[in-house]
Amino acid sequence: MVLRENEKLIKVIRRHKSSLGGTWSLSAGLVFLFLFVFFYFKFNFFGYGWQAFSVLVFILALVCLAKLYVWKNDALVITNQRVIRNEQSGLFNKTVTEILYQDVHEITFNKKGLASLMNNYGDLIIRTPSEHKIIFEKISDPEKVVEIINQTRTSYAPPKL
């Protein structure tokens, strides 16, 4: 991402780390299942047990790295001039949406469920006057993010003519 002239980066916000948990848990479960079948049932995968295990670990590592790449590049960027939503929905799918502060009509957040209350994450929704929405799901501490955006909006507001 390239910043404009006189633009300063305030904060980069990513999804809560718990959004990676499913992939990591599934990978660990598959490795455990493979080792359980290999040692408990003495099934050696037709003489290719360790080769099959190596392929499984390699594929799971690639899946975890791909998920980590998507998580790292899927971000909400707050600058002194605008809010930018970099939406990375896959390895090769990226959508960038930017909203200037004068176009921000309303900022809300919600926390749904016990896990979001315990881990302090929620969804951030930014609305424009034309009813366009930017939704960023599962961000850490959404109250603080709303406060940062509002403080930035007021402290860097352009002078009125």
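These numbers were taken from a predicted model, which means no experiment stands behind them. Hydrogens, waters and symmetry mates play no part in the numbers below; they use all other heavy atoms, side chains included.
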Nearest heavy-atom approach of Ser19 to His16 is OG-O, 2.8 Å

Please determine whether residues Phe39 and Val57 belong to a single hydrophobic cluster, defined as Ile, Leu, Val, Met, Phe, Trp and Tyr linked transitively by side-chain heavy-atom distances below 4.5 Å. yes

Mind checking whether Phe38 and Phe34 have parallel, tilted or perpendicular rings, split at 30° and 60°? parallel

Is there side-chain contact between Asn120 and Glu143, with at least one heavy-atom pair below 4.5 Å? yes

Say you draw a straight line from OH of Tyr48 to OG of Ser54; how long is it, rounded to the nearest 0.5 Å? 13.5 Å

Could you go through the side-chain contact (heavy atoms from CB on, under 4.5 Å) check for Ile149 and Leu124 one step at a time? CA-CA 11 Å; Ile149 292 173; Leu124 180 74; 4.2 Å; yes

Would a single hydrophobic cluster contain both Leu91 and Trp71, if residues Ile, Leu, Val, Met, Phe, Trp and Tyr are joined by side-chain heavy-atom contacts under 4.5 Å? no

When rounded to the nearest 0.5 Å, the distance separating NZ of Lys133 from CD of Glu106 is 9.5 Å

Answer yes or no: are there more than 12 heavy-atom neighbours, outside Lys111 itself, under 6.0 Å from its atom NZ? yes

Are Arg85 and Asp74 within salt-bridge range, i.e. N to O under 4.0 Å? yes

For Thr79 against Ile10, the heavy-atom pair lying closest together: C-CG1, 3.6 Å

With under 30° as parallel and over 60° as perpendicular, where do the rings of Phe32 and Phe36 fit, or are they tilted in between? parallel

Judged by atom type as modelled, is there a donor-acceptor pair below 3.5 Å linking the side chain of Asn93 to the main-chain atoms of Ser89? no

So Gln102 and Arg153, side-chain contact (heavy atoms from CB on, under 4.5 Å) or not? Walk me through it. CA-CA 8 Å; Gln102 63 251 25; Arg153 284 173 65 188; over 6 Å; no

Nearest heavy-atom pair of Asn80 and Thr152: which atoms, and what distance? CA-CG2, 3.9 Å

Count I, L, V, M, F, W, Y as connected when their side-chain heavy atoms are under 4.5 Å apart, and connections chain through other members. Are Leu9 and Val2 then in the same cluster? no

Yes or no on salt bridge (charged side-chain N to carboxylate O under 4.0 Å, His left out) for Glu98 and Arg4, after CA distance, side-chain angles and deciding distance? CA-CA 13 Å; Glu98 69 176 56; Arg4 297 175 179 166; 2.4 Å; yes

Once you round to the nearest 0.5 Å, how far does CG of Asp103 lie from CZ of Arg127? 16.0 Å

When you compare the side chains of Ser130 and His132, does any donor N or O come within less than 3.5 Å of an acceptor on the partner? no

Spatial distance of atom CZ (Phe45) from atom CG (Leu56) [nearest 0.5 Å]: 8.5 Å

Any chance you could measure Phe109, atom CZ, to Ile135, atom CD1, to the nearest 0.5 Å? 15.5 Å

When you group the ILVMFWY residues by side-chain heavy-atom contacts below 4.5 Å and let the links chain together, are Ile99 and Ile13 in the same group? yes

Determine, stepwise, if the pair Ile134 / Val83 fulfils side-chain contact (heavy atoms from CB on, under 4.5 Å). CA-CA 10 Å; Ile134 291 182; Val83 176; 5.5 Å; no

Under 3.5 Å: donor-acceptor pair, side chain of Arg14, backbone of Ala75: no

Ring pair (Phe, Tyr, Trp, His ring centres under 6.0 Å) between Phe43 and Phe46, intermediate numbers included: CA-CA 8 Å; Phe43 184 70; Phe46 310 106; 5.4 Å; yes

Carboxylate-amine/guanidinium contact Glu137 Lys112, below 4.0 Å: no

Heavy atoms, side chains only, cut-off 4.5 Å: are Ile139 and Leu76 in contact? no

Please evaluate residues Val145 and Ile107 with respect to the criterion side-chain contact (heavy atoms from CB on, under 4.5 Å), reporting the C-alpha separation (whole Å), side-chain torsions for both, the decisive distance (0.1 Å), and the verdict. CA-CA 10 Å; Val145 174; Ile107 305 170; over 6 Å; no

Thr23 versus Cys64, closest heavy-atom pair with distance: CG2-SG, 4.0 Å

For Gln81 and Glu5 the tightest heavy-atom approach is NE2-O, 3.4 Å

